Q: 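Can you keep this structure in mind? I'll have questions shortly.
Basis for what follows: all heavy atoms, side chains included, without hydrogens, waters or symmetry-related copies. Worth saying up front: this structure is predicted, and the values here are computed from it rather than measured. Residue numbers start at 1 and run along the sequence shown.
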Amino acid sequence: MQLTFVAKPTAPITINIDGTTVNGFDLSQFPVGATFMGNDDTDAAGIHHVKRTDDKFFVTLAQRVSAYECQPKNNSHDWEDTGDWIDAADYDPDRCYIVAKSAPQGAEYVKRENGWTVTLLEMEEEELV
């Protein structure tokens, strides 16, 4: 299964992948040649698009994002997908697969309870002093 990601402010924090099952949805039921654009249930599970060619699945998943924690404090829509595909076996739930469009130089991607954000780690350290 091949995965790519889109930024969404209301996606699940965690995506669980087990074979062809994504967050409880068994994608093996899709016939060869099928394309699925998503619905409310799959959107809630973070699945936005599924395409099956031969025995290969191409799945677009969502990563939840929030506003930047550093300047510029942009809204949660200032993110973009990379369009890159990865193998599901290489998926790491603690990695950000989307890109902050206007993050300042030196910003780091951090996973919070409300989604991925960008912050300046130096700024966090200064706040602790």
Side-chain angles (χ1 to χ4, degrees):
M1 185 163 55
Q2 297 293 299
L3 307 174
T4 191
F5 299 84
V6 295
K8 298 288 180 181
T10 58
I13 293 293
T14 303
I15 302 286
N16 296 306
I17 300 171
D18 183 15
T20 58
T21 301
V22 178
N23 278 358
F25 282 87
D26 182 5
L27 303 180
S28 68
Q29 306 301 311
F30 287 87
V32 172
T35 299
F36 179 71
M37 298 306 288
N39 61 29
D40 290 343
D41 292 334
T42 59
D43 283 350
I47 304 168
H48 287 278
H49 186 266
V50 179
K51 182 177 182 178
R52 185 173 184 181
T53 60
D54 299 324
D55 275 343
K56 210 169 214 180
F57 289 91
F58 295 88
V59 181
T60 302
L61 299 175
Q63 281 196 306
R64 186 190 290 185
V65 295
S66 63
Y68 299 175
E69 293 180 356
C70 55
Q71 297 297 328
K73 286 200 177 270
N74 295 334
N75 65 37
S76 62
H77 302 289
D78 199 28
W79 296 78
E80 63 187 353
D81 62 297
T82 63
D84 297 336
W85 292 92
I86 65 163
D87 190 274
D90 297 329
Y91 170 69
D92 178 357
D94 293 319
R95 178 175 172 210
C96 187
Y97 291 95
I98 51 180
V99 177
K101 290 182 193 176
S102 56
Q105 186 173 359
E108 299 283 332
Y109 291 83
V110 179
K111 188 176 184 181
R112 302 281 194 219
E113 289 180 14
N114 62 339
W116 286 95
T117 187
V118 290
T119 188
L120 292 173
L121 293 182
E122 294 172 9
M123 195 167 115
E124 283 185 359
E125 290 173 7
E126 287 175 12
E127 290 173 2
L128 294 174
V129 176

Q: Looking at Asn16, is its backbone amide N or carbonyl O close enough to the side chain of Asn23 to form a donor-acceptor pair, meaning the two atoms are under 3.5 Å apart?
A: yes
Q: Work out which heavy atom in Ala7 is nearest to a heavy atom in Val65; give both atom names and the distance.
A: CB-CG1, 3.9 Å
Q: If we only count heavy atoms from C-beta on, is the Asp43 to Lys8 side-chain gap below 4.5 Å?
A: no
Q: Using 0.5 Å steps for rounding, measure from the CZ atom of Phe36 to the CD atom of Gln29.
A: 13.0 Å
Q: Apply side-chain contact (heavy atoms from CB on, under 4.5 Å) to Asp94 and list each qualifying residue two or more places apart in sequence or on a separate chain.
A: Asp92, Lys111
Q: Backbone N or O of Arg95 within a donor-acceptor pair of the Gln63 side chain at under 3.5 Å?
A: yes
Q: Can you confirm whether Asp87 is buried at CG, in the sense that more than 12 heavy atoms of other residues, nucleotides or ligands lie under 6.0 Å from that atom?
A: yes
Q: Measuring from atom OH of Tyr109 to atom OG1 of Thr117, what distance do you get when rounded to the nearest 0.5 angstrom?
A: 10.5 Å
Q: In Å and rounded to the nearest 0.5 Å, what is the OG1 to NE2 distance from Thr4 to His48?
A: 12.0 Å
Q: Gly115 and Ser66: which non-hydrogen atoms are nearest, and at how many Å?
A: O-OG, 4.1 Å
Q: Go through the structure and list residues passing side-chain hydrogen bond (donor to acceptor under 3.5 Å, both in side chains) with Asn39, not counting sequence neighbours.
A: Thr42
Q: Using distance only, find each side-chain donor-acceptor pair of residues 52-62 under 3.5 Å and give its atom names and separation, not counting sequence neighbours.
A:
unit_1 : atom_1 : unit_2 : atom_2 : d
Arg52  : NH1    : Ser28  : O      : 3.3
Arg52  : NH1    : Phe30  : O      : 2.4
Arg52  : NH2    : Asp55  : OD1    : 3.3

Q: State the OH-CH2 distance between Tyr97 and Trp116, to the nearest 0.5 angstrom.
A: 9.0 Å
Q: What are the two closest heavy atoms between Ile15 and Pro12, and how far apart are they?
A: CD1-CG, 4.4 Å
Q: Within the structure provided, determine whether Leu3 and Ile17 are in side-chain contact (heavy-atom separation under 4.5 Å).
A: yes
Q: Decide yes or no for His49 and Val6: does some side-chain heavy atom of the first lie under 4.5 Å from some side-chain heavy atom of the second?
A: no
Q: Which distance, rounded to the nearest 0.5 Å, do you find between the CD of Glu113 and the CZ of Arg64?
A: 10.0 Å
Q: Just wondering, do Phe5 and Ile86 contact through their side chains at under 4.5 Å, heavy atoms?
A: yes
Q: Any idea which heavy atoms bring Val118 and Ala100 closest together, and the distance?
A: CG1-CB, 3.8 Å
